[in-house]
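One structure is given here, and the rest of the page talks about it.
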2 protein chains.
Amino acid sequence: MWTNLEEARVVATHASRAGMSGSQSVDRALRLLALIGREPAGGLPLVEIVTGSGLNKPTARRLLLALMRAGLVEQEPKSRHYCLGEEAFVLGVLAARRHGLLELAMESLRRLSAVTMDTSFLSVRRDNYCVCLHREEGTYPVRTHALQMGDQHPLGVGAGSLALLAALPDDDVDRIVTANEAVLLAQYPGFAPALIRADLALARERGFSVNPGRLVSSSWGIGAAFRYPDGRVAGALSLAAIDSRMQPARQEELAGHLAQEVARMERLLAEMFVSGGKGMGGRPVNVALEARRA
Amino acid sequence: MWTNLEEARVVATHASRAGMSGSQSVDRALRLLALIGREPAGGLPLVEIVTGSGLNKPTARRLLLALMRAGLVEQEPKSRHYCLGEEAFVLGVLAARRHGLLELAMESLRRLSAVTMDTSFLSVRRDNYCVCLHREEGTYPVRTHALQMGDQHPLGVGAGSLALLAALPDDDVDRIVTANEAVLLAQYPGFAPALIRADLALARERGFSVNPGRLVSSSWGIGAAFRYPDGRVAGALSLAAIDSRMQPARQEELAGHLAQEVARMERLLAEMFVSGGKGMGGRPVNVALEARRA
DNA sequence: GAGATTGGTCCACAATATGGACCTTATTCT
DNA sequence: AGAATAAGGTCCATATTGTGGACCAATCTC
């Protein structure tokens, strides 16, 4: 096939670099950014960034300096921890013009919490994880604080997270659960992969997910996912309460409310797609259609 | 940073060790990210990114691919324009745990718009520019749409923007106006640098800024900046209306409302600093103190 | 105050990012 | 239509850029 050795060598080196980005340092820097974003508001010390990323200290530091120059990361002068910077916040607001899920969902969340008196959540997928984008407090005096805004858990851990997973095709589910296996076993004793698969089957059967206090005992949750018009999973709405408020009869009731709001979200998203019509802020909105990541 | 390649090359080979970042490609990639964020929701075609950044096509494309791999940028399949991705939105929400200005300001904006019937805005500084983070509609039937959420103008262009500029020390003002001079002359015919300086002096004297329809005629604005407890400028609140609703007497009235909300914002920011107490989301919040960018 | 841990920097070396040249696909013009 | 123009996208030899072992400095721990 190869006409000469030169060509073979070129293609060989190229093949060996298959999957190589051609932008190693940028990829690394952005991985650091995601790593820092994953962490609760306290920020991360350099060592943890080094161990968490697998990079070595000078490299991590150099990339962090670049991120800081851009304002995406800040270093607290006292603790020297690295955390997300103001520019990340501003960029997020700018990105919200297209990806305004939160804004779209706020009305649903408020209504869910008002009607049920329980705390409601909006969660989205982020790789093999699930991020809680908003927590809307309920009024019932006994509340669970197992899930806070910004918290991230592997897909399948928690009601909203499980709903997202259950909405994905089987091969994705397999890939994701496998990828998370190590983390699940190490950090989530209540969530053995087999258990997640069982919960997931149940969720699909019922049409809504239930987390019977597996993360924090007595802290139950119920969730349902919603999709973009093209079928991609967009996010999940969920409710959390103590076990006594989550018995079978009430589960059905709550699931009904969730279903209503899921329908609303899918209607709004559909509206955004036709004609790129007015979405939030009186601006044309046009959610990108292609799937993310390879 | 470099306006053209000649200059970049000269400096690279010449001052080889002095002040070089050590992460050229990361810096470049993040500059592209900011460039894309600057653009209204429609996104940017590759050529504009190439010309706008001064990079060449393969380089720009390679960096964009890296940004896309991280989800920070997406490419619309149809127009092939590049725009901010979902990950940027999610990161923004995560960053909001620390930089929750918008959340903090929402109540003020709602009250301003309710009381005055006019549209109100939250703006923050971004380098030499000013970004509008939120637009809260007023109820008065005749409204100006000169400023939309996400819009960016040089500091000094518009009421909120001018308020931010006026709140900065003189040497910063000089540096910023000088840096923006070319853009102002080319794209903002109503805002000659000298005029901005005059408006600014007036704003400082009065305690609030006024834009007498310089961007869009008959579209007036009035603004006031607020600060972090350490003195750094945090943002600006502003109001917009048609000229007939912005005569001197009403200016004073509106300025009074603004002053009240500025006081509220500064009180809330001060509370965040003592003890890193509970801020938004029931989480300890701790706004970083150090200034951004060198 | 000796030992350990973490933050941060230096610099020789080679792997990585660079950009001129080139190919491919839309769009415009005659 | 078909040519011409412009934009999107890719290749690959080269040298510039990024890398990481070694090292110093400042805290923390006992």
Side-chain angles (χ1 to χ4, degrees), chain A residues 4-32 36 43-69 73-83 290, chain B residues 1-2 4-32 36 43-69 73-83 290:
Chain A
N4 61 48
L5 291 175
E6 184 60 9
E7 190 175 2
R9 187 191 61 80
V10 166
V11 175
T13 50
H14 198 272
S16 75
R17 296 210 300 177
M20 291 304 280
S21 56
S23 323
Q24 189 187 67
S25 63
V26 178
D27 283 333
R28 287 173 164 185
L30 298 181
R31 246 168 51 218
L32 291 189
I36 291 168
L44 280 171
L46 183 58
V47 241
E48 279 195 42
I49 292 177
V50 168
T51 59
S53 66
L55 301 176
N56 58 23
K57 217 181 343 168
T59 299
R61 169 80 177 150
R62 187 160 16 81
L63 299 176
L64 286 169
L65 284 172
L67 291 168
M68 288 168 72
R69 252 175 271 132
V73 164
E74 283 170 5
Q75 187 174 24
E76 280 207 21
K78 194 180 166 183
S79 67
R80 301 197 152 170
H81 285 198
Y82 298 85
C83 51
E290 80 278 28
Chain B
M1 188 187 254
W2 312 120
N4 63 53
L5 297 173
E6 301 296 336
E7 193 178 355
R9 179 165 302 159
V10 167
V11 175
T13 49
H14 215 260
S16 40
R17 280 294 148 208
M20 290 303 289
S21 60
S23 322
Q24 189 188 66
S25 63
V26 179
D27 284 333
R28 288 173 163 187
L30 299 181
R31 245 168 51 219
L32 291 190
I36 291 168
L44 279 171
L46 183 57
V47 239
E48 279 196 42
I49 293 177
V50 168
T51 58
S53 65
L55 302 174
N56 58 22
K57 217 179 345 165
T59 300
R61 168 79 176 151
R62 188 161 15 81
L63 299 176
L64 286 170
L65 284 171
L67 291 168
M68 287 169 72
R69 251 175 271 132
V73 165
E74 283 169 6
Q75 187 174 24
E76 279 206 21
K78 195 183 164 181
S79 68
R80 300 196 153 171
H81 285 198
Y82 299 85
C83 51
E290 79 280 28

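Residue numbers begin at 1 in each chain, while the letters A, B, ... track the order of the sequences.
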*In residues 44-57 of chain A, what residues come within less than 4.0 Å of DNA chain D, judged by heavy atoms?*
N56(A)
*Map V26(A) and P58(A) onto DNA chain C by nearest heavy atom, then report which one ends up closer to the 5' terminus.*
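Upstream on the strand: P58(A).
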_I want to confirm an ordering. Mapping L65(A) and S25(B) to their closest nucleotides on DNA chain C, which one lands closer to the 5' end?_
L65(A)
_Which residues pass the side-chain hydrogen bond (donor to acceptor under 3.5 Å, both in side chains) test with T59(B), not counting sequence neighbours?_
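So T59(B) forms a side-chain hydrogen bond (donor to acceptor under 3.5 Å, both in side chains) with N56(B), R62(B).
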*Tell me, please, which residues at least two apart from R31(A) pass side-chain hydrogen bond (donor to acceptor under 3.5 Å, both in side chains).*
none
Can you find a side chain N or O atom of [X] that sits less than 4.0 Å from OP1 or OP2 on [N]?
X	N	result
Q24(B)	dG18(D)	no
R61(A)	dT9(C)	yes
Y82(B)	dA7(D)	no
R28(B)	dG19(C)	yes
R80(A)	dT6(C)	no

Output the rounded distance in Å from [atom1] ([X]) to [atom2] ([N]).
X	N	atom1	atom2	result
L63(A)	dT17(D)	CG	P	16 Å
D27(A)	dT19(D)	CG	C1'	16 Å
L32(B)	dT18(C)	CG	P	10 Å
R62(A)	dG18(D)	CZ	P	7 Å
L64(B)	dT10(D)	CG	C1'	14 Å

Give the minimum heavy-atom separation between [X] and [Y], together with the two atoms involved.
X	Y	result
A66(B)	V26(A)	CB-CG1, 3.6 Å
L44(A)	I36(A)	CD1-CA, 4.1 Å
A29(B)	L67(B)	O-CD1, 3.5 Å

*Out of dT18(C), dG20(D), dG9(D), which nucleotide sits closest to the side chain of T59(B)?*
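That would be dT18(C).
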_Shortest side-chain distance from Q75(A), nucleotide among dG7(C), dT10(D), dC10(C)_ = dG7(C)
So do [Y] and [X] actually touch side chain to side chain, heavy atoms under 4.5 Å?
X	Y	answer
L46(B)	R80(B)	no
L30(B)	L63(B)	no
R61(B)	Y82(B)	yes

*Audit row: V73(A), L32(A), side chain to side chain contact (heavy atoms under 4.5 Å, CB included) steps and yes/no*: CA-CA 10 Å; V73(A) 164; L32(A) 291 189; over 6 Å; no
_Please report the end-to-end axis angle for the helix from dG1(C)-dC30(D) to dT30(C)-dA1(D), five pairs per end, rounded to 10 degrees._
50°
